[in-house]
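Structure, as structure tokens:
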Amino acid sequence: MTKLKSEFLQVLTERGFIHQATDLAALDQKMSGSPVSAYIGFDCTAPSLHIGSLVQIMMLRWLQKCGHKPIALMGGGTTKIGDPSGRDESRQMLTNDAITANMNSIRTVFEHLLNFGSGDTDAVMVNNDDWLNGLKYIEFLRDIGPHFTINRMMTFDSVKLRLDREQPLTFLEFNYMILQAYDFMELGKRHNCILQLGGSDQWGNIVNGIKLARRVNSQHLFGITTPLITTADGKKMGKTASGAVWLNEAQLPAYDFWQFWRNTQDADVGKFLRLFTELPLDEITRYEALEGSEINEAKILLANEVTKLCRGAQAAKGAEATAKETFENKGAGSDLPSIAVSASALEAGINIIELYLEAGLGASKGEVRRLIKQGGAKLNDEKVASEDVSVTADDLASGQIKLSAGKKRHAIVRVE
């Protein structure tokens, strides 16, 4: 492929971010000149985004590093409807207060990764409720409705896949793609935004916005999507046995976040270093060539770099120190996830299965029983003999108890 003029597009291409793009040659021409504004939309359905969104956020970070302006669009309005993409059921309806609280919490992720301000390349955070909440329904239908046909809307994956699985799709959700297209057009007018970035599942919605802006305002907009990121064994990245890998500290402690990256499969190390760190490509090439136990060096580097970006340098340093204490010295590092139990409960004795469930080291009693039976459950680094073990104050070591599930998952029990 011919080398692109735009540094931003060249970076995305070399690191594997681009899955689909509209009129890449024209976009390259525009981005090789003055700063360009681009956005990604995030609905506020939870207090944190998870690492499935990190690919797109890294594109915003590279956008800013390459001299352009990132826009983080918060879906204060669209969250009230819910994106049907990839879902078999409607999203839970949230109150305005809950949406606002989620939005404020999500902002903390972006403050680690982007520089906000009022300059030409400073990031801004925008709420689509600012314009969607004031829409007049009849006027909106008359002005925007004619540009969408039911025939075409029925072909989009967000609609087609739901109906193919014979799951209901409400009229409320059916409107989501129209509002997302309207967002793109509105950002073009308000912020001179010409580029929307998103995951591959948003391709149809992005194209809708490009067509709508061209028909209504004669704007020339562009879109880029990222590929679906899967692990070497074909699983969707970010899904673990214990749930989603959240970007916010309140939803997932830094140690657990660091440990997720440390446990990356060998075959994924190079890809993840390209997508989720800013290390030079020649350095990444050297690391992904490592084999055997040496690849662990690259995994620790990956964990440190991503944690540093998302949680800060101190969090990365603390998580690595905790891992070293836990695995190399068989200690109980200070950053391990912890739970508190009362002195009276411990005096009476707590069943080992109940304690594992409370510590989040098992999703069900059956799972913990299997863990014990297979020898993967450890109490203070000693195998748990049976599911009938009762944990008492006699098990305290230096004022705490260490629980382990396999070699990589640990928790501390402290007395309150």
Side-chain angles (χ1 to χ4, degrees), residues 15 17 40 42 44-65 70 72 74 101-117 123 125 229 231 237-264 268-269 271-279 283-284 287 296-327 331-339 359-360 408-412:
R15 289 183 173 261
F17 281 96
I40 302 175
F42 303 91
C44 309
T45 55
S48 173
L49 302 173
H50 54 72
I51 62 168
S53 299
L54 188 55
V55 184
Q56 288 81 47
I57 298 174
M58 287 300 294
M59 286 202 293
L60 286 183
R61 184 173 170 87
W62 278 113
L63 182 85
Q64 188 169 50
K65 286 175 69 71
M74 296 291 101
N102 287 344
M103 192 183 310
N104 291 336
S105 180
I106 288 170
R107 183 184 175 95
T108 62
V109 173
F110 289 93
E111 288 173 343
H112 280 294
L113 290 154
L114 300 175
N115 294 318
F116 287 86
M125 184 167 281
I229 307 300
T231 54
M237 187 198 175
K239 297 295 184 182
T240 68
S242 55
V245 181
W246 299 103
L247 295 178
N248 277 31
E249 178 74 24
Q251 279 65 50
L252 186 71
Y255 172 79
D256 287 340
F257 185 78
W258 187 94
Q259 195 65 40
F260 169 82
W261 298 100
R262 170 62 180 82
N263 293 336
T264 294
D268 290 325
V269 170
K271 177 169 67 174
F272 289 177
L273 284 170
R274 284 181 173 83
L275 292 172
F276 301 112
T277 80
E278 295 169 345
L279 295 173
E283 186 175 341
I284 292 173
Y287 275 107
N296 289 327
E297 179 186 350
K299 293 180 183 181
I300 291 172
L301 177 69
L302 172 66
N304 283 336
E305 290 296 314
V306 183
T307 306
K308 191 188 305 179
L309 282 174
C310 296
R311 303 294 182 84
Q314 282 302 113
K317 185 177 179 181
E320 183 180 12
T322 294
K324 185 174 183 179
E325 175 67 19
T326 302
F327 296 111
S334 59
D335 280 358
L336 283 180
S338 65
I339 60 169
K408 298 176 180 179
R409 298 174 61 209
H410 309 273
I412 297 299

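Remark: T45 OG1 to I106 CD1 distance equals 7.0 Å, nearest 0.5 Å. The distance from atom CZ of F42 to atom OG of S53, rounded to the nearest 0.5 Å, is 5.5 Å. Here the CZ-CZ distance, from F110 to R107, works out to 10.0 Å after rounding to the nearest 0.5 Å. Once rounded to the nearest 0.5 Å, the distance linking CD1 of I51 with CZ of F272 reads 7.5 Å. With values rounded to the nearest 0.5 angstrom, M58 atom CE is found 8.5 Å from F276 atom CZ. Between atom CG of residue L273 and atom CG of residue D268 there is a gap of 10.5 Å, rounded to the nearest 0.5 Å.
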- Worked verdict on N296 versus R262 for side chain to side chain contact (heavy atoms under 4.5 Å, CB included): CA-CA 8 Å; N296 289 327; R262 170 62 180 82; 3.6 Å; yes
- Task: Begin with the C-alpha distance, continue with both residues' side-chain angles, and end with the deciding distance and a verdict on side chain to side chain contact (heavy atoms under 4.5 Å, CB included) for H50 and L247.
- Result: CA-CA 5 Å; H50 54 72; L247 295 178; 5.7 Å; no
- Give the intermediate values and the outcome of side chain to side chain contact (heavy atoms under 4.5 Å, CB included) for residues L252 and R311. CA-CA 11 Å; L252 186 71; R311 303 294 182 84; 4.0 Å; yes
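Between W246 and S48 the shortest heavy-atom distance is CZ3-O, 3.1 Å. Nearest approach of N248 to P47, heavy atoms of both residues: ND2-O, 3.3 Å. Heavy-atom minimum distance, Q56 versus I40: O-CD1, 3.0 Å. Scanning both residues, A316 and K308, for their nearest heavy atoms gives CB-N, 3.8 Å. The minimum heavy-atom distance linking T277 with I284 is given by the pair OG1-CD1, 4.4 Å. Across all their heavy atoms, F116 and A123 have their closest contact at CD2-O, 3.2 Å.
The main-chain N or O of G318 is found under 3.5 Å from a side-chain atom of T322 such that the two form a donor-acceptor pair.
Proximity of E278 to W62: side-chain heavy atoms (C-beta onward) are separated by under 4.5 Å at one or more points.
Taking the six-membered ring where tryptophan is involved, the planes of Y255 and W258 are essentially parallel, since the angle between them stays under 30° and well short of 60°.
Atom CD of E297 sits in a sparse spot, with 12 or fewer heavy atoms from other residues, nucleotides or ligands closer than 6.0 Å.
For the side-chain contact (heavy atoms from CB on, under 4.5 Å) criterion with L54, the lone passing option out of L113, L275, L49 is L113.
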